[in-house]
Amino acid sequence: QVQLVESGGGLVQPGGSLRLSCANSRSIFSIYAMTWYRQAPGKQRELVAAITTDGTTNYADSVKGRFTISRDNAKNTLYLQMNSLKPEDTAVYYCRARDGGILIGSWGQGTQVTVSS
């Protein structure tokens, strides 16, 4: 199945920035919508951002204005630029491809983002 590998997480101070990447060995990013989810301990996994095949984006209210989702189909890579990070952004971040309303593949390992002083 489609397998995605997230990277770019780490420890950052409040107000800092990180850029997450999601890569696949095959050229799937021009075919499917792509999404970023996150899950904090004790909380449900939530949709953070999505980008359609035509470039339309949407964001959770909690990150709108701070996060930017983008895709580079030539590099088979999805990005999430995260600015003005807050402690409440701390979570494991995952990417998933979506074909219509169906999520493709399975949840991977994700990448840990920790925002703390």
query: Which residue pairs pass the salt bridge (Lys or Arg N to Asp or Glu O under 4.0 Å) test with at least one member in residues 91-102, sequence neighbours excluded?
result: none
task: Might you point out which heavy atoms bring Val63 and Val48 nearest each other, and give the distance in Å?
output: CG2-O, 3.7 Å
Results of side chain to side chain donor-acceptor pair (under 3.5 Å) for Asn83 - residues two or more places apart only: Ser17, Gln81
field: disulfide bond (SG atoms under 2.5 Å apart) contacts touching residues 64-107 (sequence neighbours left out)
entry: Cys22-Cys95
task: Identify, with sequence neighbours excluded, every residue that meets salt bridge (charged side-chain N to carboxylate O under 4.0 Å, His left out) alongside Lys75.
output: Asp72
- prompt: Taking all atoms of both residues into account, what is the closest heavy-atom pair of Leu80 and Ala49, and its distance?
  reply: CD1-CB, 4.2 Å
- prompt: Yes or no on side chain to side chain contact (heavy atoms under 4.5 Å, CB included) for Met82 and Leu20, after CA distance, side-chain angles and deciding distance?
  reply: CA-CA 8 Å; Met82 305 185 295; Leu20 307 184; 3.6 Å; yes
message: Looking at Glu88, I'd like to know if its CD atom is crowded, meaning that more than 12 non-hydrogen atoms belonging to other residues, nucleotides or ligands lie closer than 6.0 Å.
response: yes
field: Worked verdict on Ser117 versus Gln13 for side chain to side chain contact (heavy atoms under 4.5 Å, CB included)
entry: CA-CA 5 Å; Ser117 298; Gln13 293 185 330; 5.6 Å; no
query: Linking Ile, Leu, Val, Met, Phe, Trp and Tyr by side-chain heavy atoms under 4.5 Å, what else ends up with Tyr79?
result: none
field: Co-members of Val92 in a cluster of I, L, V, M, F, W and Y side chains, linked at under 4.5 Å
entry: Tyr37, Leu47, Tyr94, Leu103, Trp107
- request: Starting from Ile102, walk the hydrophobic network (Ile, Leu, Val, Met, Phe, Trp, Tyr; side-chain heavy atoms closer than 4.5 Å) and list everyone else you reach, by chain and number.
  value: none
query: By side chain to side chain contact (heavy atoms under 4.5 Å, CB included), which residues pair with Ser116, not counting sequence neighbours?
result: Leu11, Thr114
- request: Specify the closest pair of heavy atoms between Leu4 and Ala97, including all atoms of both residues, with the distance to one decimal.
  value: CD1-N, 3.7 Å
query: Any ring-ring contact (aromatic ring centres under 6.0 Å, His included) pairs touching residues 39-63, not counting sequence neighbours?
result: none
- prompt: Trp36 versus Glu6: any side-chain heavy-atom pair under 4.5 Å?
  reply: yes
statement: For Val115, the side chain to side chain contact (heavy atoms under 4.5 Å, CB included) test, sequence neighbours excluded, returns Val12, Pro14, Leu85, Pro87, Asp89, Thr90, Val113
- request: Rounded to the nearest 0.5 Å, what's the gap from OG1 on Thr57 to CE on Met34? Could you check?
  value: 14.5 Å
statement: Sequence neighbours excluded, the answer for salt bridge (charged side-chain N to carboxylate O under 4.0 Å, His left out) partners of Arg19 is none
task: Just do the side chain to side chain contact (heavy atoms under 4.5 Å, CB included) check on Ile51 and Leu78 with the steps written out, would you?
output: CA-CA 9 Å; Ile51 183 167; Leu78 175 74; 3.8 Å; yes
- line: Residues pairing under side-chain hydrogen bond (donor to acceptor under 3.5 Å, both in side chains) where one sits in residues 43-52, two or more places apart or in two chains, turn out to be Arg38-Glu46, Gln39-Arg45, Thr52-Asp54
